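Working notes, beginning with the structure itself.
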Amino acid sequence: ELFAFISALYRDAMDEVRARGRERDRLDIEAIRRFADAHCTENITLEQTARQFFVSKEYLSKLFKQTYGIGFAEHLTALRMQQAKELLADSTLSLHQIGEKTGYFDQAHFYKTFRKFFGITPGEMRQALKTDKTDPSL
């Protein structure tokens, strides 16, 4: 009986050690999302982020999409585009400056991405946002 009792304790202890090891090795995908959110206006990439968190870019990409239903690059684009829209509405910055503040240092790429995301150009968005602010019915 004593041997069986000690064996059971040993098995329980080993199960606990294995469980904690798996937990420690688990990637904190929420920390990665927070990192991306905090650094979205910088020129970060999936590959750089994967290196930062010591995982492969393929694994990070797959886990990010499984967890959030959107790819890492698409998440960054959405964050950048929302920030660009806010800057268009609330600032007198040039479109080039807005592009740079949102992580796009190539103005043509910023315009192309903005148009693809919103369906209109940044200039058209700025005009629409100005119109919305001056229209008392909105």
Side-chain angles (χ1 to χ4, degrees):
E1 278 183 33
L2 182 59
F3 180 74
F5 176 73
I6 292 174
S7 293
L9 282 177
Y10 177 77
R11 277 193 304 275
D12 291 344
M14 290 307 296
D15 289 345
E16 183 67 23
V17 167
R18 280 189 210 100
R20 287 183 186 215
R22 283 191 300 271
E23 193 173 292
R24 185 189 73 230
D25 293 338
R26 185 171 294 141
L27 183 61
D28 186 355
I29 194 70
E30 182 60 27
I32 292 172
R33 189 192 60 77
R34 286 191 307 269
F35 174 82
D37 292 356
H39 298 278
C40 70
T41 60
E42 299 168 20
N43 194 18
I44 62 170
T45 65
L46 173 68
E47 190 170 275
Q48 291 167 332
T49 305
R51 276 197 310 265
Q52 176 84 16
F53 287 89
F54 308 104
V55 295
S56 73
K57 65 181 182 177
E58 295 81 10
Y59 178 67
L60 174 56
S61 177
K62 181 180 176 184
L63 186 60
F64 199 94
K65 183 132 186 165
Q66 283 177 345
T67 304
Y68 298 111
I70 185 172
F72 183 82
E74 291 84 6
H75 178 71
L76 285 178
T77 298
L79 291 171
R80 290 170 174 164
M81 291 296 105
Q82 278 309 121
Q83 185 176 19
K85 183 179 177 182
E86 290 169 16
L87 289 171
L88 284 167
D90 297 330
S91 79
T92 57
L93 296 172
S94 72
L95 297 179
H96 181 74
Q97 290 170 318
I98 291 172
E100 285 183 349
K101 284 191 168 291
T102 56
Y104 293 95
F105 299 96
D106 176 0
Q107 191 170 8
H109 182 59
F110 170 64
Y111 274 60
K112 182 179 177 182
T113 303
F114 193 96
R115 184 175 186 117
K116 184 176 179 182
F117 191 84
F118 288 112
I120 59 175
T121 67
E124 292 168 338
M125 174 71 77
R126 176 174 268 169
Q127 190 58 43
L129 292 170
K130 283 182 184 177
T131 303
D132 287 352
K133 283 185 178 181
T134 59
D135 187 348
S137 67
L138 297 175

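Along the sequence shown, the residues carry numbers beginning at 1. Just so it is clear, the structure is predicted and the values come from calculations on it, not from any experiment.
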So, does [X] use its side chain to make a donor-acceptor pair with the main chain of [Y] at under 3.5 Å?
X     : Y     : answer
Gln97 : Ser94 : yes
Glu74 : Gly71 : yes
Ser61 : Lys57 : no

Measure across [X] and [Y] and return the closest heavy-atom pair with its distance rounded to 0.1 Å.
X      : Y      : answer
Arg126 : Thr92  : NH2-C, 4.3 Å
Ile32  : Phe72  : CG2-CE1, 4.4 Å
Gln48  : Ile44  : OE1-CA, 3.1 Å
Thr102 : Ala84  : CG2-N, 3.6 Å
Leu129 : Lys85  : CD1-O, 3.7 Å
Pro122 : Tyr111 : CD-CD2, 4.1 Å

Output, in order, the C-alpha distance, side-chain angles, deciding distance and verdict of side chain to side chain contact (heavy atoms under 4.5 Å, CB included) for Ile120 and Arg115. CA-CA 5 Å; Ile120 59 175; Arg115 184 175 186 117; over 6 Å; no
Enter the distance from [X]:[atom1] to [Y]:[atom2] here, rounded to the nearest 0.5 Å.
X      : Y     : atom1 : atom2 : answer
Leu46  : Arg51 : CG    : CZ    : 10.5 Å
Glu124 : Leu88 : CD    : CG    : 11.5 Å
Ile29  : Phe35 : CD1   : CZ    : 12.5 Å

Find out whether Lys101 and Leu87 are in side-chain contact, i.e. whether some heavy atom of one side chain is under 4.5 Å from a heavy atom of the other. yes
Taking Phe110 as the fixed residue, which of Met81, Arg80, Glu100 is the one that meets the side chain to side chain contact (heavy atoms under 4.5 Å, CB included) rule? Met81
So Tyr104 and Phe114, ring pair (Phe, Tyr, Trp, His ring centres under 6.0 Å) or not? Walk me through it. CA-CA 10 Å; Tyr104 293 95; Phe114 193 96; 9.4 Å; no
Same cluster or not: Phe53 versus Leu76, using hydrophobic residues (I, L, V, M, F, W, Y) connected whenever any side-chain heavy atoms lie under 4.5 Å apart? yes
In terms of hydrophobic clustering (I, L, V, M, F, W, Y; side-chain heavy atoms under 4.5 Å; direct or indirect links), are Leu79 and Ile98 co-clustered? no
Looking at Asp15 and Arg11, does any basic side-chain N land under 4.0 Å from a carboxylate oxygen? no
Do Glu58 and Lys62 sit within salt-bridge range, that is, some charged N less than 4.0 Å from a carboxylate O? no
Between Arg33 and Thr67, does a side chain to side chain contact (heavy atoms under 4.5 Å, CB included) hold up when you go through it step by step? CA-CA 10 Å; Arg33 189 192 60 77; Thr67 304; over 6 Å; no
Considering residues, nucleotides and ligands other than Phe105, do more than 12 of their heavy atoms fall under 6.0 Å from its CZ? yes
Mind running side chain to side chain contact (heavy atoms under 4.5 Å, CB included) on Gln83 and Thr41 for me, showing each step along the way? CA-CA 9 Å; Gln83 185 176 19; Thr41 60; 2.7 Å; yes
Does the side chain of Tyr68 come under 3.5 Å of the side chain of Glu30 through a donor N or O and an acceptor N or O? yes
